[in-house]
Amino acid sequence: MFKRILALLFAINLILIVIAFSADHERGFIVRFFDVGQGDAIYIRTEKKQDILIDGGPDDTVLSKLGEAMPFYDRDIDILIISHPHADHITGALAVLKQYRVKTVYFSGAEHTTYQYLELLRFLEEQKEIVKVKVDHPINLQLSGETALSFLYPDFDVSSPLAPSFIKNNLNNTSVVVKLTHKGHSALLTGDIGKEVEEYMLLQGVDVSAHLLKIAHQGSRFSSGEPFLRAVHPQFVVIFVGQNNYGHPHAETLDRLRSLGIKFLRTDKEGDIEFSLE
Amino acid sequence: MFYVAVFGFIGGIFFRSLFPLDPFFLYAPALIFIVCAVLFRHVRYLGYIACAAIFIFLGAMRFAASDYVARGDDFSRIASYTGNSVTFEGVIGGEPDIRDRSIFYTMERLRVLIRDNERAVSGRVLLTTSLYPRLVFGDRVRTTCVLDDPKELGESYRGYLAKSGVYAICRYPKSVELISQNEGNVLKRWLLGIRNNFRVQTQKIFPFPHVGLVLGLLIGDTDGIPNYLKDALIQTGTIHIVAISGYNISIIISLLLTLAPYIYLSRRFAWAAVIPILLGFIFIAGAESSVVRAGIMALIVAFASEAGRLSNCSRVLAITAFLMLAKNPYLLVFDVGFQLSFAATLGLVYISPRISDWLKARFPFRFIAETAAVTLGANMAVAPILLLHFGRVSFIAPFVNIAIIWIIPLAMALGFSAVLISYMFLPLGKVASWFSWATLEYVIRAVEFFA
């Protein structure tokens with residue numbers, strides 16, 4: 001009797017696993033903006049089943065979000081991009097590094113002496129099998145035939161004394177900026193960059209145009225200037241924002257978006273936001 | 001006479017926990033009753049009353065002795081420094097309690113620094129910090145902060161902290177300086193090392209939020225359970241499955257006893273194996289006093305159901321309660337876990353067998369009848385305590401429990417084997433974890449559905 005019950009449970013179990021497997025098999029390309037409160041966390045899963053995470057948000061929420069978004073048998077993150085060392089971007093990323101097998105980490109190498117960041121650097125140092133890439137030049141990653149990830153900024157070493165002065169007193173300006181292209185559609189993901197970087201990129205002649213824009217720094221008024229928004233010319237803007245005392249997103253920024261006729265979605269209003277870029 | 005003494009002692013602790021008056025007020029009646037009992041030896045009940053009076057007095061004294069340390073007014077106790085900015089150092093004791101946005105540490109072996117003088121003080125401090133830097137057991141740290149008195153946060157919170165010897169709170173100090181490492185007890189460090197290693201290994205093979213649930217089931221570590229799931233577990237009255245409350249230990253014992261015949265082991269051998277395995281489990285779970293208590297409770301239930309003799313069992317329960325309270329009198333009123341595990345044990349021993357007999361006479365399925373009886377018995381016994389502390393009793397709790405409890409042993413066994421396999425060969429461990437994953441998924445879905 002006992003053996004039979006056990007066998008039955010085992011069989012049901014097996015069926016469930018098969019169902020879960022096949023359900024995951026059908027999912028295509030997605031970009032998901034996790035609602036992690038006041039901070040950033042962007043998850044990309046390609047049709048080739050590569051997992052990419054850009055920043056981790058201000059706490060461990062990202063772990064549950066990843067648990068939902070990723071198939072249950074997948075414990076690997078192919079690419080983790082750490083835009084810059086502020087706590088609302090790296091705290092969750094550190095938790096992810098500890099709980100998932102991360103293969104490659106991209107970061108700008110900016111210097112910062114908070115406990116979180118030092119712990120992150122120490123952890124990366126210890127883990128020899130993680131490939132670490134410092135973003136100090138434009139990189140173009142062809143993820144598959146139709147999908148590419150380009151690192152647009154910084155195109156110089158942010159820890160070098162020769163770096164432009166606008167990064168010296170503002171860590172936000174060391175943020176890694178990437179552009180994701182899939183089947184002719186693109187998304188520009190800007191970390192927390194300020195207007196100085198936007199102007200710098202426009203001066204350098206970087207092609208920033210994109211269909212989808214992750215607005216910089218929770219919609220701060222020191223970012224997303226009109227020339228930049230015009231150059232990007234997005235159809236949709238995603239604003240990562242949670243409860244905060246900074247007045248994010250600033251009314252000024254929202255007015256700019258409205259006057260340019262750009263639709264925006266906020267994570268505090270919509271929760272997780274998903275795009276298929278097709 | 002035995003029960004009079006034990007209940008008298010417990011009553012004394014209870015009385016003194018609620019009414020902080022000088023126990024010498026109880027000394028006088030105790031003395032009077034003793035004199036009466038000696039004078040009128042032929043009146044039997046006077047002897048009982050005298051005995052009760054003595055033990056009530058002793059209980060109150062026991063609590064007063066602990067309380068004396070808590071309410072400090074000289075400078076050898078940490079409690080006397082509350083309200084002031086103090087520079088002190090101490091050693092991180094036990095496992096840190098990691099929440100979503102903060103960490104709670106307990107600092108012990110304190111030394112207060114006043115100008116250039118160092119002075120050892122008794123008591124512990126609850127240290128709250130943001131998520132980083134991480135400190136671990138045995139780190140000696142120095143910090144400066146304004147110590148808060150737990151009293152300001154309410155009498156029950158004060159008692160809750162005092163239970164573990166904490167008499168002052170240090171919240172978010174500006175900096176915490178690490179002085180030295182590995183200062184803790186070697187054995188405890190070793191135990192926590194095993195626990196941590198087990199946790200890291202489990203995290204390698206399970207996804208979120210299943211990893212939190214399986215760690216809760218196996219080692220009572222609930223840090224990894226996301227808040228929404230924790231709330232759902234609380235709402236449905238099933239949070240006990242992830243707290244080492246004697247319940248999961250009972251499961252391990254009954255699993256061993258049930259499985260033994262199938263792997264050709266005699267029942268006697270299985271009983272002999274229970275103790276070392278139980279000890280191993282208690283070690284992995286960190287050997288905190290609550291875990292040890294749970295182990296004792298589980299053993300009592302197992303023996304009771306095996307021997308079917310309730311009278312001996314109640315005596316064992318009474319002695320256990322007496323010893324635990326003699327060691328830490330705060331448990332009685334201020335530790336919900338203590339009350340719940342005693343109530344649940346009483347329910348399992350006294351109520352469940354009756355329900356089980358009743359159900360078995362009416363329903364054909366033994367297995368279901370037994371599961372239902374166990375669940376209902378424990379639930380009925382803890383209901384008054386839940387009502388008292390949380391102001392509500394979940395009426396769906398028995399049903400949710402019946403819906404998920406039968407699968408818990410399976411989830412635990414599969415989860416544990418997956419972790420063991422992963423130690424030998426990681427990819428195979430991952431595959432093994434899928435089986436446990438499906439059972440955990442069922443538990444999560446069921447709990448979320450009812451919540």
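Letters go in sequence order (proteins before strands), and every chain restarts at 1. These values consider heavy atoms only, across backbone and side chains, with no hydrogens, waters or symmetry-generated copies.
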(request) Could you tell me whether B:F104 atom CZ has more than 12 heavy atoms of other residues or ligands within 6.0 Å of it? (result) yes
(message) Can you tell me which portion of A:L63 sits under 4.5 Å from chain B's heavy atoms? Options are side chain, backbone, both or neither.
(response) both
(message) Donor-acceptor check, side chain of A:R75 to backbone of B:Q203, threshold 3.5 angstrom: yes or no?
(response) yes
(message) Within the 4.5 Å heavy-atom criterion, are B:S130 and A:Y115 side-chain neighbours or not?
(response) no
(request) State, yes or no, whether a side-chain contact exists between A:E68 and B:F208 at a heavy-atom distance under 4.5 Å. (result) no
(request) Side chain from CB out, backbone as N, CA, C, O: work out which of these in B:Y442 comes under 4.5 Å of a heavy atom of chain A, or both, or neither. (result) neither
(request) Counting only heavy atoms closer than 4.5 Å, note whether A:E119 contacts chain B via side chain, backbone, both or neither. (result) side chain
(message) Please classify the contact of B:P209 with chain A as side chain, backbone, both or neither, using a heavy-atom distance under 4.5 Å.
(response) neither
(request) Determine which residues belonging to residues 430-441 of chain B lie within contact range of chain A, meaning some heavy atom pair is under 4.5 Å apart, and list them by number or answer 'none'. (result) B:K430, B:W434, B:F435, B:W437, B:A438, B:T439
(request) Measure distances from B:L414 to the heavy atoms of chain A and classify the residue's part below 4.5 Å as side chain, backbone, both or neither. (result) side chain
(request) To the nearest 0.5 angstrom, please state how far the CG atom of A:D60 sits from the CG atom of B:L131. (result) 6.0 Å
(message) Can you confirm whether A:Q243 is buried at CD, in the sense that more than 12 heavy atoms of other residues, nucleotides or ligands lie under 6.0 Å from that atom?
(response) no
(request) Mark yes when over 12 heavy atoms from residues, nucleotides or ligands other than B:F416 sit less than 6.0 Å from its CZ; otherwise mark no. (result) no
(message) A quick test of your reading: do over 12 heavy atoms of other residues, nucleotides or ligands sit less than 6.0 Å from OH of B:Y172?
(response) yes
(message) How long is the straight-line distance from NZ of B:K204 back to CD of A:Q99, given to the nearest 0.5 Å?
(response) 12.0 Å
